[in-house]
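Below is one structure, written out as structure tokens; comments come after it.
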Amino acid sequence: MMQFDQLAATEIPPPPENLNEAVHQRLNRILVVLHLCDLFLRALPAVALMFTQPVLAFFKYSVTGRFDLKIRRR
Amino acid sequence: MYGTGRTDEQLAVESAREDSDGPAFRALVQRYQEKVWQICFRLMGNAEDASDAAQEVFVRLFLHRGRYEGKSKYSTWVYGVALRTCLTLRRSRSRRQARVKTVETTPEMARQPADVEQTSLRLDLAQMLETLSEEERALLILKYAEGYGYDELAEMFGLSVSACKMRVSRAREKLKQRYPKNFAD
């Protein structure tokens, strides 16, 4: 006859020696992917937007000869 | 070793402030490695899947480290993450296996599960547990193999203590009904 307590009798082997290393390798791979996503989805568009504004302003100045001097006072 | 003298909860707060897997998180991995491995091995059933699950548990612990609110013991929170990870992995594994079996099953093989009573004597306890749902199986394993109390189980499964007791009792009854010859009253 079986008892549920017999479940505790299952022998558990020790954790693999490289478990710690494997965790950090997997984590590093995931962090690289997350950082790349961050770079392509957030950082690069933000930088592109930032640089587009002066470039557009430069072309506008070249074509119209006028330069907007709007100084924002806080 | 880093973290000596600090509680798990203190290290958890510290690790939430770290940008990468810093010393506090490494110390937590070191502390919980053995216990997480034990839970994963019991729930996954073999070393290869358990190793994969244990790695996944620590990755999730790192990615969700900011979600620990300190309402429960850190250890219970870790075991809860380990449990949910193993259940997810087992479900995806059984879905994969089911897809493969659908292709491979012959009419003769399909009749076998109905003939449970005849084969019951040949099954051992671990195989019997496989006939339960993933949650019921996990509940029985954590209760009887790992010796968790109902209050801890309730927190890990997100249930009330009474609901937990009821589910354990139902799962036991199911097994006793399915395999009457194997269980003493």
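Computed over heavy atoms, backbone and side chain alike; hydrogens, waters and symmetry mates excluded. So you know, we letter chains A, B, ... as the sequences are listed, proteins then strands, and number each from 1. Note that the coordinates shown come from a computational prediction; the quantities given were computed from them, not determined experimentally.
- You'll find the side chain of B/V57 stays beyond 4.5 Å of the side chain of A/V23, heavy atoms only.
- Remark: B/Y144 OH to A/L7 CG distance equals 9.5 Å, nearest 0.5 Å.
- Follow the hydrophobic side-chain contacts under 4.5 Å out from A/V33 and you never reach A/L41; the two are in separate clusters.
- Hydrophobic clustering, with ILVMFWY side chains joined whenever heavy atoms are under 4.5 angstrom apart, groups B/Y79 together with B/L61.
- In this structure, B/W37 contributes its side chain and A/P13 its backbone to a donor-acceptor pair below 3.5 Å.
- In this structure, the portion of A/E11 lying under 4.5 Å from any heavy atom of chain B is its backbone and not its side chain.
- To the nearest 0.5 Å, atoms CD1 (A/I12) and CD1 (B/I39) are separated by 10.0 Å.
- Contact detail for B/S51 and A/P16: the closest heavy-atom pair is OG-CG, 4.0 Å.
- For the atom pair CD (A/Q25) and CD (B/Q55), the distance works out to 8.5 Å, reported to the nearest 0.5 Å.
- The closest side-chain heavy-atom distance from B/V29 to A/L19 is not below 4.5 Å.
- Environment of CZ in B/R65: crowded, with over 12 heavy atoms of neighbouring residues, nucleotides or ligands closer than 6.0 Å.
- For the atom pair B/R42 CZ and A/T10 OG1, the distance stands at 5.0 Å (nearest 0.5 Å).
- For B/Q30, the part sitting under 4.5 Å from any heavy atom of chain A is the side chain, from C-beta outward, and nothing else.
- Atom CZ of B/R170 is surrounded by 12 or fewer heavy atoms from other residues, nucleotides or ligands within 6.0 Å.
- In this structure, chain B has a heavy atom under 4.5 Å from the side chain of A/N28, while its backbone stays farther away.
- A/V32 and A/L44 fall within a single hydrophobic cluster, where Ile, Leu, Val, Met, Phe, Trp and Tyr side chains are chained together by heavy-atom contacts under 4.5 Å.
- Connection of B/L129 to B/F41 is not established within any shared hydrophobic cluster, with ILVMFWY side chains joined at heavy-atom distances below 4.5 Å, either directly or through further cluster members.
- Residue B/K165 places its NZ atom among 12 or fewer non-hydrogen atoms of other residues, nucleotides or ligands, all under 6.0 Å distant.
- The cluster map of Ile, Leu, Val, Met, Phe, Trp and Tyr, joined by side-chain heavy atoms under 4.5 Å apart, puts B/Y74 and B/M156 in the same cluster.
- Here A/R26 contributes atom CZ and B/F58 contributes atom CZ; the two are 12.0 Å apart, rounded to the nearest 0.5 Å.
- Both the backbone and the side chain of A/L27 come within contact range of chain B, judged by heavy atoms closer than 4.5 Å.
- Contacts with chain A were tallied for B/K143, B/Q38, B/R172; B/R172 has the most, counting heavy-atom pairs under 4.5 Å.
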